[in-house]
Amino acid sequence: MRAIIGAAVAAATLALAQTARADATGDRLERAADDCIRTASAQVVAQSASLSDAVTFLVDDLCAPDIRHAEAYQRNVQLLGVLRTRGKDSKDAAAAGEAALDPKTGDLTIPGDIKGNGAIPLMLANWFGERIGAGAAQARFRSVAAHAVLEAHGPGRR
């Protein structure tokens, strides 16, 4: 039992260290999405039929590329951290060690010479990541958009 707890603590520590190194890029990508939402909110509110439509348009359409980059980066930092903790000799760890994160899009960059099953989790992450939202990150951006829309709508105009 202690060995399992020790391994879990070591994995969590390594994942946190990886996340700390990635924070500057991740923060920049999140700021870009936040800025897009806040900058456009007044104009979107003025053109939208409802406040809910304004939030949806900001998150799902207008600022979607910036949000997708921030979500992809967050998800892929976590994935690489997990794969790199699997042990030096595993195919997953070797593939993850050669993979990189694109600082503009958050996507995984997988070298073309990675062979075998080690690259499969990385390729699947890119494929699934394009089709599945990041959950908590999506909720955070919806919250930012809702607050920006309410602020742009102004007090007493509800």
Within-4.5 Å side-chain heavy-atom neighbours: H69 and D102: no

Heavy-atom side-chain contact between E71 and L29 under 4.5 Å: no

Non-hydrogen side-chain atoms of L101 and T25 separated by less than 4.5 Å: no

Student check: side-chain heavy atoms of V59 and I67 closer than 4.5 Å: yes

Distance in Å, L62 CG paired with S41 OG, rounded so as to fall on 0.5 Å steps: 10.5 Å

Gap separating the CZ atom of R38 from the CD atom of E151, nearest 0.5 angstrom: 8.0 Å

Heavy-atom side-chain contact between D53 and Q47 under 4.5 Å: no

Nearest heavy atoms of A70 and F141, plus distance in Å: CB-CZ, 3.8 Å

side-chain contact (heavy atoms from CB on, under 4.5 Å), paired with R142, selected from L58, I37, D60: D60

H153 (side chain) donor-acceptor with V149 (main chain) under 3.5 angstrom: no

R31 side, atom CZ; C36 side, atom SG - distance, nearest 0.5 Å: 15.0 Å

T56 side chain to S52 backbone, donor-acceptor under 3.5 Å: yes

Pairing of D107 and R68 as salt bridge, 4.0 angstrom limit: yes

Worked verdict on D34 versus R140 for salt bridge (charged side-chain N to carboxylate O under 4.0 Å, His left out): CA-CA 10 Å; D34 287 352; R140 188 185 88 64; 3.2 Å; yes

